[in-house]
Enquirer: 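Got a structure for you, written out below as structure tokens; questions coming shortly.
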Amino acid sequence: MGLLNHRRTATVTATATLAAALAPAAAVAPASASASARPGPAPRPSASGPALPGCGSHTALHRTLRTLTEDDGLAGAAVDVTDPVCGRWSDATGTADLGTGRPMNARDRLRAGSVTKTFTATVVLQLAAEHRVDLDAPVARYLPGLIASNGYDGRRITVRRLLQHTSGLPDYLDAPEWEHPERLRYRHFTPHELIARALTLPGPGTQPGDFHYATTNYLVAGLIVQEVTGRSAESEVTRRIIRPLALRDTYWPGDDPRLRGPHSHSYYAPGPDAARTDGTDWNMTSGGVGGALVSSPADLERFFGALLDGRLLPREQSAQMRRTVAADPDRLWPGARYGLGLISSPLPCGGVWWGHAGTVPGGHRALGAVGPGGRRVAVALNETPPTEEAEAHFREVVATALCEGRPPQPTPAGHATPAHGTPVHAAPDYADHATRTPDVRIPHTAEEPA
């Protein structure tokens with residue numbers, strides 16, 4: 001229910017990978033399992049015909065995908081890309097269901113993990129635009145007494161700090177019981193229960209204002225949405241984002257451990273020497289508004305496109321979302337920065353991509369991002385990369401999808417300082433580049449029809 005890396009070492013442990021994304025990236029499949037799951041010849045990219053200038057032939061993208069399944073031994077990998085000029089293309093390698101041998105594809109649903117956090121942050125920022133939430137107000141203004149134990153004080157933590165992971169709150173996924181998340185896979189959790197558990201843990205040991213990734217922050221933010229609107233954060237995400245954007249594959253699973261509709265199975269290994277296990281069925285109340293959403297690559301592309309071209313947030317709140325702090329490279333990766341529910345990461349061809357990644361305990365990994373010029377990418381894995389090298393290959397898929405065929409561009413080098421004093425990463429404005437959908441207008445106030 002988090003990101004990609006979390007206190008990674010040469011040997012990936014279940015706890016480390018768990019808090020990394022919504023849950024463990026610790027699925028280390030034995031070599032024999034990887035070999036037995038390896039499919040035949042990988043499918044070719046869906047795009048055909050000569051490549052347009054600046055669009056690329058997609059052969060490099062296909063090669064990076066095959067590296068994940070053939071060299072790193074992952075069960076399956078898929079990517080979907082949309083460019084304002086070049087159109088849309090997708091590719092997939094490996095297997096979506098090891099039981100039937102069904103090939104991986106870019107249309108299946110999957111668990112989005114911490115990509116959910118961007119949806120939740122967007123709703124909080126919409127409420128800020130409506131003057132119903134003050135980003136620099138303390139949590140205690142909205143939830144008095146919720147954070148008031150073991151040295152944690154909601155009067156000293158702002159809403160902004162929650163969305164930015166600079167609150168200093170610990171992650172409940174660091175609790176000892178989450179060293180074996182498979183033992184909790186069918187259990188129901190409430191946000192209050194998970195937050196209370198987090199508050200019993202020692203602090204992360206960071207300085208005030210430093211980045212420390214914790215899904216706890218987003219559970220608290222979800223309760224603020226509920227307090228302000230009188231409706232659950234899940235229902236507000238559905239009302240304000242999922243329905244207006246017609247994200248037909250995106251939904252909250254609640255207590256249902258099964259995935260509805262066409263979906264890839266997901267796979268994990270409970271320990272370094274354990275056999276690969278089907279982790280598709282999982283009660284994701286353990287992630288809540290920080291990691292429970294189900295989605296598809298196409299829906300993730302549509303969401304991030306709408307978010308970054310101004311259809312979900314006014315310009316002021318969009319700029320706030322993209323004011324970033326340096327992220328811990330052990331919890332993300334070198335060069336990554338974190339805004340308000342949004343990650344910025346440099347590209348080898350210049351510029352940056354904006355988006356989010358997520359992993360769940362059962363093995364699904366999702367990423368949605370928008371690069372320079374409005375090119376959008378969504379990547380789906382049904383098994384978590386087991387090594388640092390495999391993680392690098394995953395990021396290479398993203399970079400290749402966004403850079404292929406494009407000339408080198410300058411990377412934003414300057415930093416600015418917003419009024420609240422947090423150093424920020426210079427953020428390009430994609431509003432003039434991304435493909436708009438003129439018949440879809442997302443209301444910014446509660447008084448407008450949803």
Side-chain angles (χ1 to χ4, degrees), residues 4 25 29 31 34-83 85-96 98 101-108 110 264 267 297-298 300-301 333-335 345-351 353 355 357 364-373 375-409:
L4 303 183
S34 299
S36 63
R38 203 167 288 165
R44 296 304 301 164
S46 60
S48 60
L52 295 172
C55 297
S57 64
H58 318 316
T59 55
L61 179 59
H62 183 70
R63 187 167 56 250
T64 61
L65 275 182
R66 291 190 64 166
T67 297
L68 285 171
T69 54
E70 296 187 4
D71 295 346
D72 299 323
L74 301 190
V79 63
D80 196 76
V81 189
T82 301
D83 187 279
V85 175
C86 307
R88 182 178 178 185
W89 59 96
S90 62
D91 196 3
T93 64
T95 309
L98 298 179
R102 180 170 63 87
M104 191 75 170
N105 67 77
R107 300 178 302 279
D108 278 352
L110 77 161
S264 61
Y267 300 95
L300 294 181
E301 271 193 37
W333 52 88
S345 189
L347 285 165
C349 57
W353 64 252
H364 271 141
R365 161 78 56 83
L367 181 143
V370 179
R375 183 179 290 186
R376 308 193 301 264
V377 62
V379 183
L381 306 181
N382 62 349
E383 187 175 2
T384 305
T387 65
E388 289 285 4
E389 183 179 25
E391 287 284 0
H393 293 156
F394 171 74
R395 298 195 296 272
E396 187 179 359
V397 170
V398 180
T400 303
L402 293 173
C403 287
E404 194 173 26
R406 301 188 65 84
Q409 301 180 28

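These numbers come from the heavy atoms of this one structure, side chains and all, not from hydrogens, waters or symmetry mates.
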Enquirer: Find out whether Leu68 and Thr93 are in side-chain contact, i.e. whether some heavy atom of one side chain is under 4.5 Å from a heavy atom of the other.
Expert: no
Enquirer: Can you name the residues that form a salt bridge (Lys or Arg N to Asp or Glu O under 4.0 Å) with Arg63, not counting sequence neighbours?
Expert: none
Enquirer: Examine distances only and state if a side-chain atom of Glu383 and a backbone atom of Leu74 form a donor-acceptor pair shorter than 3.5 Å.
Expert: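 No; zero donor-acceptor contacts below 3.5 Å.
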Enquirer: Quick check against the 3.5 Å criterion: does His393 have a side-chain atom that pairs as donor or acceptor with the backbone of Pro385?
Expert: no
Enquirer: Just how far is it from atom CZ of Arg376 to atom CG of Leu402, taken to the nearest 0.5 Å?
Expert: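 Atom-to-atom, Arg376:CZ and Leu402:CG are 11.5 Å apart.
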Enquirer: Which word best sums up how the rings of Trp333 and Trp353 line up, parallel for under 30°, tilted for 30 to 60°, or perpendicular for over 60°?
Expert: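 Trp333 and Trp353: tilted rings.
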Enquirer: Under the rule for side-chain contact (heavy atoms from CB on, under 4.5 Å), what residues qualify as partners of Ala378, not counting sequence neighbours?
Expert: Pro297, Leu300, Glu301
Enquirer: Check this for me: does any side-chain nitrogen of one of Glu391 and Arg365 sit under 4.0 Å from a carboxylate oxygen of the other?
Expert: yes
Enquirer: Considering only heavy atoms from C-beta outward, does the side chain of Arg107 approach that of Asp80 to under 4.5 Å?
Expert: no
Enquirer: Return yes if some donor-acceptor pair links the side-chain N/O of Thr95 with the main-chain N/O of Leu98 below 3.5 Å, else return no.
Expert: no
Enquirer: Examine distances only and state if a side-chain atom of Thr400 and a backbone atom of Val397 form a donor-acceptor pair shorter than 3.5 Å.
Expert: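 The answer is no, because no donor-acceptor pair under 3.5 Å joins these two groups.
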Enquirer: Taking atom CG of Leu367 and atom CZ of Arg395, what is their separation to the nearest 0.5 Å?
Expert: 11.0 Å
Enquirer: Is there side-chain contact between Asn382 and Met104, with heavy atoms separated by less than 4.5 Å?
Expert: yes
